[in-house]
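Presented below is the structure to which this report refers.
The model shown is predicted, which means the values in this text are computed figures rather than measured ones.
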Amino acid sequence: MLKPAINTLRFLRDYGDSLLADISASEFADQPVPGMNPPAWIVGHMAYALDRHATLVGLEPKLARWKDLFAKGSSPGGSPYPHKDNLVSAWREAIDRLIAGVEAAPDETLAGPNEYLPTEKLPTVGDFLTYSMAGHTATHLGQLSAWRRAAGRPPLF
C-alpha cells in the first residue's frame with residue numbers, strides 16, 4: 001500500500017481547494033500571462049491524469065472524452081472548457097477513485113512493472129503512482145499558485 005502517497009494526495013486536495021476557493025467561474029479560463037496555464041486547464045489536466053493513472057490498478061477511465069482538452073501535450077485555450085464546478089468535481093472524484101483503487105490493489109499489482117511510462121527511475125506501478133499522486137499533482141498546484149499571483153491575488157500563506 002502507498003499510504004504516504006495517499007496521505008500526500010489528500011493534503012494536496014485540501015491545498016488545491018484553498019487555491020481554488022476565490023477563483024470565480026468567469027475567470028477560470030483566464031491567462032494573466034500569455035501562454036500561462038489557466039485554472040481550467042490545470043484542474044482538468046489533473047483530473048484527466050489521475051483518471052488515466054487509475055487504470056494501472058484496474059479502474060476504467062471515466063474522463064477519456066477530455067483527452068484533446070487536457071492530455072499531456074494539449075495546449076491551454078482553444079475549445080471551451082467545462083464549467084469550473086464540473087472540473088473541480090471531476091478532479092475531486094478522480095482523487096477519491098484513485099485512492100480507493102490504490103487501497104484495494106494487491107501488492108503484486110503495485111510491485112508490477114510500470115508500463116504506463118516506463119523509466120528506470122519509476123520502475124514499478126507503485127513508484128509511478130507515488131509520483132502521480134504527489135509529484136505530478138504538486139507540480140500543477142504550483143502552477144495554480146503562480147496563476148493566482150499573476151492574477152494579482154495575495155499568497156495564501
Got a second to check how far Leu9's CG is from Leu50's CG, nearest 0.5 Å?
6.0 Å
Could I get the full list of ring-ring contact (aromatic ring centres under 6.0 Å, His included) partners for Phe11, not counting sequence neighbours?
none
Please confirm whether the backbone N or O of Met36 pairs with a side-chain atom of Gln31, one donor and one acceptor, at under 3.5 Å?
yes
Looking at Thr137 and Ala134, would you say the former's side chain and the latter's main chain have a donor-acceptor pair under 3.5 Å?
no
Within a strict 4.5 Å, meaning less than it, do heavy atoms of the Pro106 and Thr109 side chains meet?
yes
To the closest 0.5 Å, what do you measure between CG (Leu56) and OG (Ser132)?
8.5 Å
Side-chain donor/acceptor pairs under 3.5 Å, residues 138-155, sequence neighbours excluded:
residue	atom	partner	partner atom	Å
Thr139	OG1	Gly135	O	2.8
His140	ND1	Gln143	OE1	2.8
His140	NE2	His45	NE2	3.3
His140	NE2	His136	NE2	3.3
Gln143	OE1	Asn37	ND2	3.2
Trp147	NE1	Asp30	O	2.9
Arg148	NH1	Leu19	O	2.9
Arg148	NH1	Asp22	OD1	2.5
Arg149	NE	Arg153	O	3.3
Arg153	NE	Asp22	OD1	3.4
Arg153	NE	Asp22	OD2	3.4
Arg153	NH2	Asp22	O	2.9
Arg153	NH2	Glu27	OE1	3.3
Arg153	NH2	Glu27	OE2	2.5

Nearest heavy-atom pair of Leu69 and Pro82: which atoms, and what distance?
CD1-CD, 4.0 Å
A side-chain contact here means heavy atoms from C-beta on lying under 4.5 Å apart; do Phe28 and Val43 qualify?
yes
Would you mind reporting whether Tyr81 and Pro76 have side-chain heavy atoms less than 4.5 Å apart?
yes
Run the side-chain contact (heavy atoms from CB on, under 4.5 Å) test on Asn114 and Thr124 for me, step by step, so that the C-alpha distance in whole Å, both residues' side-chain angles and the decisive distance to 0.1 Å come before the verdict.
CA-CA 4 Å; Asn114 169 17; Thr124 70; 5.6 Å; no
Who are the side chain to side chain contact (heavy atoms under 4.5 Å, CB included) partners of Ser74, not counting sequence neighbours?
Trp41
Under the salt bridge (Lys or Arg N to Asp or Glu O under 4.0 Å) test, residues paired with Lys62 that sit two or more places apart:
Glu93
Any side-chain heavy-atom pair from Leu87 and Phe70 closer than 4.5 angstrom?
yes
Check against side-chain contact (heavy atoms from CB on, under 4.5 Å), Met46 and Ile95:
CA-CA 9 Å; Met46 289 189 301; Ile95 289 170; over 6 Å; no
Separation between OG of Ser24 and NZ of Lys84, rounded to the nearest 0.5 Å
7.0 Å
Pairwise salt bridge (charged side-chain N to carboxylate O under 4.0 Å, His left out) hits with a residue in residues 110-134, at least two apart
none
Minimal heavy-atom distance between Trp66 and Ala90, with the atoms involved, is CH2-CB, 3.5 Å
Looking only at heavy atoms, what is the nearest atom pair of Pro113 and Val125, with distance?
O-CG2, 3.5 Å
Let me confirm one number: the CZ-NZ distance from Arg52 to Lys72, rounded to the nearest 0.5 Å.
12.5 Å
Listed pairs under 3.5 Å, donor-acceptor, residues 97-105 side chains, sequence neighbours left out:
residue	atom	partner	partner atom	Å
Arg97	NH1	Asp51	OD1	2.9
Arg97	NH2	Glu60	O	2.8

For the residue pair Leu129 and His53, what are the closest heavy atoms and their distance?
CD2-O, 3.6 Å
State, to 0.1 Å, how close Leu12 and Trp91 come at their nearest heavy-atom pair, and which atoms those are.
O-CH2, 4.1 Å
